[in-house]
Student: 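Mind having a look at this structure? Questions to follow.
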Amino acid sequence: GDAVQIAREVADALDYAHRQDVVHRDIKPENILLQEHHAVVADFGIARAVSVAASEELTQTGFAVGTPTYMSLEQAAGERNVDGRSDIYSLGCVLYEMLGGDPPFTGSTPGAILARKTVEQVPSLRVVRETVPESLEQAVLKSLAKAPADRFATAADLAQALTAASATSGPGPVTAAAPEKRWRTFAAVGGVVAVIAVVMGMLLWPRSSVALDPTRVVVAVFANQTGDPTLDRVGYLAGDWISQGLLEAQVMEVVPWVSAHQASVWVQAELEAGRVRNPLEALAAETGANVVISGAIYRERESISFHIQINDASDGKLLAAPDPVAGPVDSVSAVVARARERAMGSMAVLFDERFGFWVGAAQQPPSPAAYQEFSAGMERYNAYEYSEAIPYFRRATELDSTFVQATILLAISRSNMGQLARADSLLRGLEPRRDRMNTFDRLWFDGTRAWVGGDLEMQLASMRPAAEMAPGSKAVYNWGYAANRTNRPEEAIEALSTLDPERGPMRGWRSYFHELIWAHHALGEHERELDLANRARQLYPNSTSFLLYQIRALAALGRPDEVLRLLSPGVDVLGPNVVGQAGAALFRHGHREEAFALFERIIAWYEAQAPDGRDSNRFNRGMYGEALNLTGRHEQALEVFRQLVRERPSGPLALTKLGVAAAWAGDREEALAMDARVAAAAMDRPFLSRVLTSWRAEIAAALGDRTRAVRLLEEAYDQGHLGFFIDWHVAPELQSLWDFPPYQEFMRPKG
């Protein structure tokens, strides 16, 4: 009798709501309160969220929201026109549970519950509780019909059927002796707001046209709904920490947080510009992840709570919405750690029990203050502003000395700025903690340490498994980068071809095209090289690098006239470096007349702007000297380079160019003297020695010491030269080696 009375009172409340065109969408025991012997329907948060969206003419197509145990099939399917009959189904589930002890359909995951609802018949109540009258069972079963048309047309009809059934069963009073409330955490003050905020974050989820990988998961930045901007970075910390846990489990493909963070920043900018309506759908499309973990942060006085949800991005279906995690606001790191455990546990239930193995297995997250600095550094790092990122990463490590990721990114930023010695010092300091790093961070650490230390084979060996752990991420680019530097262009193409240069971590990353173009040039695939250079030039029209790649490909294809047309703006506009490199490419591919004409252009341009030959720009003077040398005016070139060396006696580049000019002028003694001075400079600069060794090879080649020149190139490679084989392929200074079999074998791609 109590069960029937409660259900009838809820049906009366729903009938009133439905007549106001409001569908509750989340009828479940938690949302039915007992106040002074009467049932009250509470928490119309989802109904309000949908109503607001509809009033703004926003679509809900393909979006499922609610509680799977009590959700109708049409609601689970995300149908647009869900009406009051969906609430009738949910109330039928509640009544069934009140009478039988359990809901009609249960399962270990939301998907399992919905699958049972789709294919199985509702179990008989009278088998479980034989005292239930047949008329009452029929009313419950009619409420639980799979098709809305087979249910009661209105909640009033259900109430009437329950009234008729109660005449058989005998009504009884509600037995609660005192007011009873079943509130979720924070429901008394903020529960409805919390539901609305989380729902609105996911409400507008149209199907994506981008092919999504069903085995890939991305974690979004948690939305800060506390009203306290100082907690903004806590949302980043939650996303980072959950991502790390998923990566460590190695069960699914996980978008690493560096990539997810970068994508999140881009999506937010697009949202603010009005080009994105659904940030989570955009995040899925940007990263190629079909599974999206998102959430929001709420605060009530001195407590903070994390609300998590997991969605299928292909259709917007809600896969899981675990219970919120809450704790003291002054213990944010501990609450974040518990939120990660909750997310990992939900992933274990949904996809693979191996996720559950990693629950609680990791250390505590970094302090919020340290993460505040780290996150600010990440934004600059992902924008390739390494010098601006360095102070933030440094402060993060100072605030939390255990923050390994901050130290690794600080080292990478320093190495990208050419500060190899400082990067090496940072990485050496991390060595004692290497074995306590998670697998992905350890691979990044090993790869970075190898790159800084010049062990290119080790870098490649580290980035291969890192790329396998995180397809579509920057790790894949680094795999291709390392493959190029170990003269494996085919492997570089294999890696880089899996990335989209206009989406995700490669968006705006010009170096992607650098690596791919170099790889195709090394393989002699010049048509493909030209296609890529043309595409890169369209994306980055102001880049002189991609102009040079177009020129290099055209020179290799035997189309010098097109090269000269690209150079028509002249030296004043393009600069002597571009024109000089174009001349070198033409020279390398047998177009000597056109190459010499370009070198003459540089000479004429320089002498016109510096009639006394004393341009204060050392680089311009160097280009002038090279043009003189390449056109056979060695004595004039010698004077230019001797003056540069007098001004800066320890400058290794000027010493090298003087050595080459002396060799071509027939002054072997001066050439060898310059070689010795470059070698001495290498002794004083260990991280520069790999480059200087290759420069010494240019002097040896100019002297005709071909065996020694090849040996020096091999030594530069073994030391970890961070340049590129293509530079050694084109450099005019190495022209004596071009037909030398040992050089040809050394330059031959290895894979």
Side-chain angles (χ1 to χ4, degrees), residues 1-19 22-32 39-44 46-47 64-77 79 81-107 113-169 171-172 174:
D2 290 346
V4 171
Q5 182 175 330
I6 291 170
R8 188 170 57 232
E9 291 171 352
V10 172
D12 287 339
L14 290 175
D15 181 62
Y16 178 84
H18 295 164
R19 283 186 279 112
V22 174
V23 181
H24 189 285
R25 296 175 182 259
D26 200 23
I27 294 297
K28 57 184 177 181
E30 287 85 347
N31 289 336
I32 299 172
V40 178
V41 178
D43 205 343
F44 276 75
I46 291 176
V65 63
T67 305
T69 301
Y70 306 96
M71 190 187 299
S72 68
L73 287 173
E74 66 270 23
Q75 190 174 343
E79 292 184 9
N81 298 317
V82 171
D83 59 23
R85 292 172 295 181
S86 180
D87 285 344
I88 290 171
Y89 181 97
S90 299
L91 179 55
C93 291
V94 174
L95 179 54
Y96 188 105
E97 184 176 4
M98 286 193 288
L99 294 169
D102 290 302
F105 298 104
T106 59
I113 295 170
L114 296 174
R116 290 190 63 195
K117 287 185 178 186
T118 303
V119 300
E120 296 181 12
Q121 295 300 314
V122 179
S124 172
L125 262 174
R126 302 182 73 198
V127 170
V128 178
R129 187 174 180 181
E130 56 187 352
T131 57
V132 172
E134 183 175 352
S135 59
L136 181 56
E137 182 181 55
Q138 290 304 313
V140 174
L141 293 177
K142 186 175 178 69
S143 301
L144 296 174
K146 297 186 192 307
D150 294 334
R151 298 176 204 145
F152 293 100
T154 67
D157 291 344
L158 170 58
Q160 184 177 355
L162 293 175
T163 300
S166 68
T168 304
S169 61
V174 175

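The basis for the numbers below is simple: all heavy atoms, side chains too, and nothing from hydrogens, waters or symmetry mates.
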Student: Quick check on side chain to side chain contact (heavy atoms under 4.5 Å, CB included): which of Ser143, Pro123, Pro103 does Tyr96 satisfy it with?
Tutor: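 Going through the options one by one, the only one that passes is Pro123.
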Student: Which pair of heavy atoms, one from Ala42 and one from His24, lies closest together, and at what distance?
Tutor: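 Shortest heavy-atom separation between Ala42 and His24 comes out as O-NE2, 2.9 Å.
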Student: Between Tyr70 and Tyr89, what is the shortest heavy-atom contact and its length?
Tutor: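 Residues Tyr70 and Tyr89, closest heavy atoms: O-CD2, 3.9 Å.
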Student: Quick check: are there more than 12 heavy atoms from other residues, nucleotides or ligands sitting under 6.0 Å from CD of Gln160?
Tutor: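 No.
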Student: For the NZ atom of Lys142 and the CG atom of Asp150, what is their distance to the nearest 0.5 Å?
Tutor: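 Those atoms lie 7.0 Å apart.
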Student: Among Val140, Leu162, Leu144, Leu14, which one satisfies side chain to side chain contact (heavy atoms under 4.5 Å, CB included) with Leu91?
Tutor: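 Exactly one candidate clears the test, Leu14.
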Student: Not counting sequence neighbours, which residues clear side-chain contact (heavy atoms from CB on, under 4.5 Å) with Glu74? List them please.
Tutor: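 Scan of Glu74 (side-chain contact (heavy atoms from CB on, under 4.5 Å), adjacent residues dropped) gives Ser72, Glu79, Val82, Ser86, Pro148, Arg151.
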Student: Taking only residues two or more places apart in sequence or in another chain, which ones pass side-chain contact (heavy atoms from CB on, under 4.5 Å) with Leu141?
Tutor: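 Partners of Leu141 by the side-chain contact (heavy atoms from CB on, under 4.5 Å) criterion, ordered by chain and then number, come out as Val122, Glu137, Gln138.
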Student: Specify the closest pair of heavy atoms between Ala39 and Val10, including all atoms of both residues, with the distance to one decimal.
Tutor: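 Shortest heavy-atom separation between Ala39 and Val10 comes out as CB-CG2, 4.1 Å.
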Student: To the nearest 0.5 Å, how far apart are CD in Glu97 and NZ in Lys28?
Tutor: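 The distance works out to 12.0 Å.
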Student: Please determine if Asp12 and Arg8 form a salt bridge, counting it only when a charged side-chain N lies under 4.0 Å from a carboxylate O.
Tutor: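 Answer for the salt bridge query: no.
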Student: Working to the nearest 0.5 Å, report the span between CD of Gln75 and CZ of Arg85.
Tutor: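 That separation rounds to 13.5 Å.
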Student: Please report the C-alpha distance between Val4 and Leu136 in whole Å, then the side-chain angles of each, then the deciding distance to 0.1 Å, and finally whether the side chain to side chain contact (heavy atoms under 4.5 Å, CB included) criterion is met.
Tutor: CA-CA 9 Å; Val4 171; Leu136 181 56; 3.8 Å; yes
Student: Please check: side-chain N/O of Arg126 versus main-chain N/O of Val132, any donor-acceptor pairing under 3.5 Å?
Tutor: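 Present.
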Student: Excluding sequence neighbours, so at least two apart, what forms side-chain contact (heavy atoms from CB on, under 4.5 Å) with Asp102?
Tutor: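 Not a single residue meets the side-chain contact (heavy atoms from CB on, under 4.5 Å) criterion with Asp102.
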Student: Between CD1 of Ile88 and CG of Asp15, what distance do you get to the nearest 0.5 Å?
Tutor: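 Interatomic distance, Ile88 CD1 to Asp15 CG, rounded to 0.5 Å: 8.5 Å.
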